[in-house]
S.K.: 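Quick one: the structure is below, questions incoming.
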Amino acid sequence: MTRPDTPATPAAQRPLGRLILMPNALDLGAAEVPLTDVLAGGVIATAARLLHWVVEDARSARAFLNRVNKITPLAQPLQETLIDELPRTPKGPQRVMPGKPAAKAAAGGAGGAKPVVASASPWELLLTPALSGADIGLLSEAGLPGVADPGALLVAAAHDLGIPVVALSGPSSITLAIAASGLNGQGFVFHGYLQTDVNPRRARLRELEATSRRLQQTQVFIETPYRNAVMLAAALEVLQPETRLAISCGLTLADGWSLCKSVEEWQRAAVKLPDRVPTVFSLLG
């Protein structure tokens with residue numbers, strides 16, 4: 001308790017809260033795996049104590065917190081927990097536009113920067129609880145937030161405001177796929193989603209193959225699950241027979257698998273990919 005004769009600490013001098021990057025399971029849309037199989041106990045305990053969240057989807061976030069609650073009771077009832085959704089952004093590289101530096105400096109510098117509503121981006125406004133000293137959890141629908149995920153823009157805004165960013169360890173389909181591919185794990189590039197139109201997608205696959213062959217660099221990409229079969233067919237149509245193609249399907253799921261073959265071997269195998277299970281593709285020419 002603060003003594004009556006002790007002045008209250010000015011808001012600008014209070015310690016900032018942190019942006020906690022909370023990993024999620026990779027079972028969205030599939031049979032749930034035990035959360036304790038993919039998240040460490042300390043990560044689950046951290047999720048249970050957070051009172052403020054920024055998430056990709058509020059409904060799936062509540063489902064995640066209900067799973068957490070069955071293992072470690074939440075610090076407060078779920079209906080009282082503040083859950084904000086990230087702004088919708090188009091696919092592809094994005095850059096957050098921070099508020100005006102002068103406005104932040106006037107609010108007290110890095111130790112107490114507060115975005116001015118008139119000049120702050122929507123991303124900065126989501127971080128208001130951290131500016132008052134509360135930790136905020138950032139949650140993706142699957143895997144690590146900020147990786148192939150719009151939450152990266154919130155992380156950028158946190159750095160702009162001087163808010164500490166803490167990444168917790170958890171499953172990432174990208175790194176798991178690279179590890180399971182047997183391809184070059186020292187030099188690789190993740191490209192996210194490729195073009196959906198037929199000719200641009202073919203051209204992009206040829207470009208990735210040429211780059212991979214020239215640099216001996218693994219090229220990694222993903223596709224929306226219902227287009228998995230279309231992506232595989234395109235790759236087998238345009239890639240050279242000797243190019244190595246690794247496919248990781250349903251990583252961390254009970255029936256998940258990873259295989260790496262030459263394009264010629266994949267053509268003979270005539271594999272059918274499921275249309276509801278996330279899949280990661282990696283190639284090395």
Side-chain angles (χ1 to χ4, degrees), residues 15-28 33 35-69 71-72 74-75 78 81-89 91 93-96 98 110 113 115 121-179 190 192 220 222 251-252 278 280:
L16 295 173
R18 302 170 297 168
L19 181 63
I20 308 292
L21 309 190
M22 180 62 59
N24 201 346
L26 300 176
D27 55 9
L28 180 68
V33 300
L35 206 57
T36 51
D37 283 2
V38 293
L39 295 182
V43 172
I44 295 173
T46 298
R49 70 170 179 78
L50 290 172
L51 309 181
H52 302 271
W53 291 87
V54 178
V55 304
E56 188 173 1
D57 179 81
R59 183 177 179 180
S60 64
R62 292 188 184 96
F64 169 80
L65 290 173
N66 275 322
R67 294 170 72 179
V68 168
N69 189 51
I71 303 167
T72 302
L74 300 179
L78 182 55
T81 300
L82 178 65
I83 299 177
D84 289 319
E85 288 190 346
L86 291 164
R88 298 298 177 188
T89 59
K91 290 182 179 179
Q94 303 292 322
R95 183 179 183 277
V96 67
S121 72
W123 306 91
E124 290 177 322
L125 295 177
L126 289 170
L127 295 166
T128 300
L131 297 173
S132 299
D135 288 344
I136 302 174
L138 173 61
L139 184 73
S140 177
E141 286 196 292
L144 299 179
V147 180
D149 174 75
L153 295 178
L154 190 69
V155 177
H159 287 304
D160 285 335
L161 292 172
I163 294 170
V165 175
V166 179
L168 301 182
S169 62
S172 166
S173 60
I174 300 164
T175 53
L176 290 172
I178 293 168
F190 174 66
V220 187
I222 55 178
L251 286 161
T252 75
V280 182

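The chain is numbered in sequence order, starting from 1.
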S.K.: Which atom pair, heavy atoms only, marks the closest approach of Pro87 to Leu126?
M.R.: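 The pair with the smallest heavy-atom distance is CD-CD1, 3.8 Å.
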
S.K.: If you measure from CG on Leu139 to CG on Leu144, what distance do you get to the nearest 0.5 Å?
M.R.: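 One gets 11.0 Å once the value is rounded to the nearest 0.5 Å.
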
S.K.: Drop me the distance from Leu154's CG to Leu138's CG, to the nearest 0.5 angstrom.
M.R.: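 So the gap between those two atoms works out to 5.5 Å.
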
S.K.: Are the side chains of Val280 and Ile174 in contact, using a 4.5 Å heavy-atom criterion?
M.R.: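 They are not in contact (no side-chain heavy atoms under 4.5 Å apart), so the answer is no.
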
S.K.: Identify the two heavy atoms, one from Leu51 and one from Ala75, that lie closest to each other, and give their separation to 0.1 Å.
M.R.: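 Distance-wise, the nearest heavy atoms are CD2-CB, 3.9 Å.
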
S.K.: When you compare the side chain of Leu176 with that of Thr252, does any pair of heavy atoms fall below 4.5 Å?
M.R.: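 With C-beta onward as the side chain, the pair touches.
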
S.K.: Kindly compute the distance separating NE2 (His159) from CG (Leu19), expressed to the nearest 0.5 Å.
M.R.: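 The distance works out to 8.5 Å.
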
S.K.: Who are the side chain to side chain contact (heavy atoms under 4.5 Å, CB included) partners of Ala48, not counting sequence neighbours?
M.R.: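 Once residues adjacent in sequence are excluded, the partners of Ala48 under the side chain to side chain contact (heavy atoms under 4.5 Å, CB included) criterion are Val68, Thr72, Leu74.
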
S.K.: Let me know which of Ile44, Thr46, Val55 forms a side chain to side chain contact (heavy atoms under 4.5 Å, CB included) with Met22.
M.R.: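 For Met22, the side chain to side chain contact (heavy atoms under 4.5 Å, CB included) check succeeds only for Thr46.
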
S.K.: Give me the atom names and distance for the closest heavy-atom approach of Leu16 to Pro164.
M.R.: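 That would be CB-CD, 4.2 Å.
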
S.K.: Counting distance only, does the side-chain N/O of Glu124 pair as donor-acceptor with the main-chain N or O of Ala157 below 3.5 Å?
M.R.: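 Side chain of Glu124 to backbone of Ala157, a donor-acceptor pair under 3.5 Å: no, none is there.
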
S.K.: Do you know which two heavy atoms are closest between Leu50 and Gly137, and how far apart they sit?
M.R.: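 Of all heavy-atom pairs spanning Leu50 and Gly137, the closest is CD1-CA, 3.7 Å.
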
S.K.: Distance check, rounded to the nearest 0.5 Å: Leu28 atom CG versus Glu141 atom CD?
M.R.: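 Reported value, rounded in 0.5 Å steps: 5.0 Å.
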
S.K.: Hey, could you give me the CD1/OG distance between Ile222 and Ser173, rounded to the nearest 0.5 Å?
M.R.: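 Rounded to the nearest 0.5 Å, the CD1-OG separation comes out at 6.5 Å.
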
S.K.: Is there a side-chain contact between Val165 and Leu21 in this structure, where contact means two heavy atoms from C-beta onward sitting under 4.5 Å apart?
M.R.: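 Yes. Closest side-chain heavy atoms under 4.5 Å.
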
S.K.: Over all heavy atoms of both residues, which pair between Asp27 and Arg67 is shortest? Give the atoms and the distance, please.
M.R.: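 Where Asp27 meets Arg67 most closely, the heavy atoms are OD2-NH2, 3.0 Å.
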
S.K.: Given side chains that start at C-beta, do those of Trp123 and Asp160 come closer than 4.5 Å, heavy atoms only?
M.R.: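 They are not in side-chain contact.
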
S.K.: To the nearest 0.5 Å, how far apart are OG1 in Thr175 and CZ in Phe190?
M.R.: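 Answer for the OG1-CZ pair, Thr175 versus Phe190, is 10.5 Å.
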
S.K.: For the residue pair Ile136 and Ile20, establish whether any side-chain heavy-atom pair is separated by less than 4.5 Å.
M.R.: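 Heavy-atom side-chain distance check fails, nothing below 4.5 Å.
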
S.K.: Is there a side-chain contact between Pro171 and Leu39 (heavy atoms, below 4.5 Å)?
M.R.: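 Yes; the side chains approach each other to less than 4.5 Å.
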
S.K.: Once salt bridge (charged side-chain N to carboxylate O under 4.0 Å, His left out) is applied, do any residues pair with Asp135, and if so which ones, sequence neighbours excluded?
M.R.: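 Salt bridge (charged side-chain N to carboxylate O under 4.0 Å, His left out) list for Asp135, sorted by chain: Arg18, Arg49.
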
S.K.: Is the shortest side-chain heavy-atom distance between Pro23 and Val38 below 4.5 Å?
M.R.: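 Pro23 vs Val38: side chains apart.
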
S.K.: Which residues satisfy the salt bridge (charged side-chain N to carboxylate O under 4.0 Å, His left out) test with Arg62, sequence neighbours excluded?
M.R.: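 So Arg62 forms no salt bridge (charged side-chain N to carboxylate O under 4.0 Å, His left out) with any residue.
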
S.K.: Between Asn66 (side chain only) and Ala63 (backbone N and O only), is there a donor and an acceptor less than 3.5 Å apart?
M.R.: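 Not confirmed, Asn66 side chain does not pair with Ala63 backbone.
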
S.K.: If you compare all heavy atoms of Leu125 against all heavy atoms of Thr128, which two are closest, and at what distance to 0.1 Å?
M.R.: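 Nearest heavy atoms, Leu125 then Thr128: O-OG1, 2.7 Å.
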
